[in-house]
Amino acid sequence: MTRYRLTPLAQSLPATVPFVGPDTHERQVGRAFVARIGANENVFGPSPKAVQAMAETEHWMYGDAESYELRRALAAQHDTTMDHIIVGEGIDGLLGYLVRLFVGQGDAVVTSDGAYPTFNYHVAGYGGTIHKVPYRDDHEDPSALFAKAAELDAKLVYLANPDNPMGTWHSGATLARAMEDLPAGSLLVLDEAYVECAPKGTELPLPKDDPRVIRMRTFSKAYGLAGARVGYAIAAPELITAFHKVRNHFGMNRAAQAGALAALQDQDWLARTLDQITRSRSRIGQIAADNGLTALPSAANFVAVDCGKDGVFAKAVLDGLVARGIFVRMPFAPPQNRCIRISCGTDAQLDALAAALPGAIEDAKNT
């Protein structure tokens, strides 16, 4: 073969990914980060019971293609039945399957400008057309999202609650009321990756089989299993059944399933982790204030810190931190890109942040 016969769609797409990972950054600069607090990983780690379960897994076997035990436990956790639950390779993998089910060439989808970009990546990969609305007061704007969906007859509407990258959130009751204006032909893709970190009342108070919404959850954040890639979705059985038409049936490895099941069963460890996240958010806010910056209220395992100027200045602060071995990220679109996004960290990592931030700000002022 002298020429690869890619589809016209594949030929038209750039060979890029939504994020450049911290490992790639470390290879590029030739050293490890002092504080890896930019990818919203849970640095406090998973339950020791989850680690043990993964270590003791018999890796010679394929994973259970139905993730039966994990789905059964999740159904009990959410007071529903197994036919409302699908398990997949992180929320990212589930978003890919969902887009494959719904989006064809030219189909409209709606998201917020600057929201989690992996959804957009999948939409582009299946030929859909992305339409965006701006944030309002650093929050995703459900009313604007649903109005745009009605205007375009959009198949999917993506909304994260709590939001990434801003950490802001709506109450579940607020979203439920807003959904009264969700068009009949549109499905709300509700990304709840950080909901365990959020205040009580953030979860959507609607039946698990409400056909208007699919809720995405993960073990990557509060449960500390980002490397295992375990996500799940909750939706009406008819929609869950559709996933079985396109998913990779052996995509979930056996160790990941065992680790997630053990993590789910160790709610005491989860409670301790959430306490550490709360204390870390407070410390990040104090570090920001000590340097004349403003931390936005957050219901996630990270904090968006307003650098007080524009995206150019915020990027200069970020670059200064990275140069000092502190890995952080920033929002993707203005005006939210006036902020940098700092993941919750250990005391030692936040000590390093506190030491590096004054110099990074001074460098930014001088650029």
Side-chain angles (χ1 to χ4, degrees), residues 23 36 39-95 97 162 191-198 200 202-203 208 214-235 240 243-244 247-280 300-302 343-346 349:
D23 301 288
R36 178 168 161 156
N40 301 345
E41 297 154 324
N42 178 355
V43 302
F44 308 113
S47 161
K49 296 177 181 178
V51 175
Q52 181 179 1
M54 290 187 287
E56 294 176 352
T57 298
E58 296 191 78
H59 290 271
W60 66 270
M61 290 188 286
Y62 288 113
D64 179 0
E66 297 181 354
S67 298
Y68 183 88
E69 294 298 335
L70 179 56
R71 285 174 50 237
R72 183 169 69 172
L74 287 167
Q77 177 82 3
H78 292 285
D79 192 25
T80 188
T81 58
M82 291 174 63
D83 57 353
H84 289 81
I85 307 285
I86 187 74
V87 171
E89 306 92 317
I91 288 178
D92 293 351
L94 290 168
L95 286 173
Y97 295 136
D191 186 337
E192 295 183 315
Y194 301 93
V195 75
E196 290 90 354
C197 306
K200 185 177 180 180
T202 304
E203 294 188 42
K208 303 299 191 296
I214 181 169
R215 301 166 230 222
M216 301 284 189
R217 298 288 187 91
T218 186
F219 284 87
S220 294
K221 307 304 178 183
Y223 287 100
L225 287 169
R229 310 306 300 130
V230 188
Y232 65 99
I234 308 169
I240 295 300
F243 275 85
H244 297 306
R247 71 180 178 91
N248 179 358
H249 283 69
F250 290 100
M252 292 305 304
N253 71 75
R254 187 170 290 272
Q257 293 178 39
L261 179 60
L264 187 68
Q265 293 169 340
D266 193 352
Q267 291 295 304
D268 289 342
W269 182 269
L270 176 64
R272 288 194 293 271
T273 298
L274 295 178
D275 181 65
Q276 290 174 297
I277 288 171
T278 298
R279 288 189 283 109
S280 183
N301 72 337
F302 61 86
S343 303
C344 291
T346 63
Q349 289 172 326

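A salt bridge links D275 with R279: at least one charged nitrogen is closer than 4.0 Å to a carboxylate oxygen.
Between the side chain of Q257 and the backbone N or O of M252 there is at least one donor-acceptor pair closer than 3.5 Å. Between the side chain of R254 and the backbone N or O of H59, no donor-acceptor pair lies under 3.5 Å. In this structure, H249 contributes its side chain and R247 its backbone to a donor-acceptor pair below 3.5 Å. Not a single donor-acceptor pair under 3.5 Å links the side chain of E203 to the backbone N or O of K200. Under the 3.5 Å distance criterion, the side-chain polar atoms of T57 are matched with a main-chain donor or acceptor of A53.
Between F243 and Y97, the ring planes lie perpendicular to each other; the angle is over 60°, past the 30° to 60° tilted range.
Applying side-chain hydrogen bond (donor to acceptor under 3.5 Å, both in side chains) to Y194 and the options N40, N301, T218 leaves one that passes, N40.
One distance of note links CZ of R71 with CG of L261; it measures 13.0 Å at 0.5 Å rounding. To the nearest 0.5 angstrom, R272 atom CZ is 13.5 Å from I277 atom CD1. Taking CZ of F44 as the start and SG of C344 as the end, the distance is 6.0 Å to the nearest 0.5 Å.
Atom CD of E69 has more than 12 neighbouring heavy atoms from other residues, nucleotides or ligands inside a 6.0 Å radius. Counting non-hydrogen atoms of neighbouring residues, nucleotides and ligands closer than 6.0 angstrom, the NZ atom of K49 reaches no more than 12 such neighbours.
With contacts defined as side-chain heavy-atom distances shorter than 4.5 Å, the pair C197/L274 qualifies. In this structure, the side chains of V87 and E66 stay at 4.5 Å or more apart for every pair of heavy atoms. Counting heavy atoms from C-beta outward, E196 and R217 have side chains that approach closer than 4.5 Å. R215 is listed as a side-chain neighbour of K208, based on a closest heavy-atom distance under 4.5 Å. Side-chain contact check for V43 versus R36: every heavy-atom pair is 4.5 Å or farther apart. Residues Y68 and M82 form a side-chain contact, since some pair of their non-hydrogen atoms from C-beta on lies under 4.5 Å apart. Under the 4.5 Å side-chain criterion, counting only non-hydrogen atoms from C-beta, L70 is in contact with V230. Counting heavy atoms from C-beta on, the side chains of I85 and T80 come closer than 4.5 Å.
A233 and L94 get closest at one heavy-atom pair: N-CD1, 3.9 Å. Taking every heavy atom of both residues into account, A222 and N42 meet most closely at O-ND2, 3.0 Å. Considering every non-hydrogen atom in both P46 and G224, the closest pair reads CD-O, 3.4 Å. Nearest heavy-atom pair, F219 versus L74, reported as atom, atom and distance to 0.1 Å: CZ-CD2, 4.0 Å. In terms of heavy atoms, S47 sits closest to W269 at N-NE1, 3.3 Å. Summarising the geometry of T273 relative to G45, their closest heavy-atom pair is OG1-O, 4.4 Å, with the distance given to 0.1 Å.
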Inset, instruction - Apply the test side chain to side chain contact (heavy atoms under 4.5 Å, CB included) to residues I234 and I214: give CA-CA distance (whole Å), side-chain angles for both, the deciding distance (0.1 Å), then the verdict. - result: CA-CA 6 Å; I234 308 169; I214 181 169; over 6 Å; no

Inset, instruction - Could you check D92 against R229 for salt bridge (charged side-chain N to carboxylate O under 4.0 Å, His left out), going step by step and ending with a plain yes or no? - result: CA-CA 9 Å; D92 293 351; R229 310 306 300 130; 3.7 Å; yes

Legend entry - Audit row: H84, Y232, ring pair (Phe, Tyr, Trp, His ring centres under 6.0 Å) steps and yes/no: CA-CA 10 Å; H84 289 81; Y232 65 99; over 10 Å; no

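Under the salt bridge (charged side-chain N to carboxylate O under 4.0 Å, His left out) criterion, D64 pairs with no residue, sequence neighbours left out.
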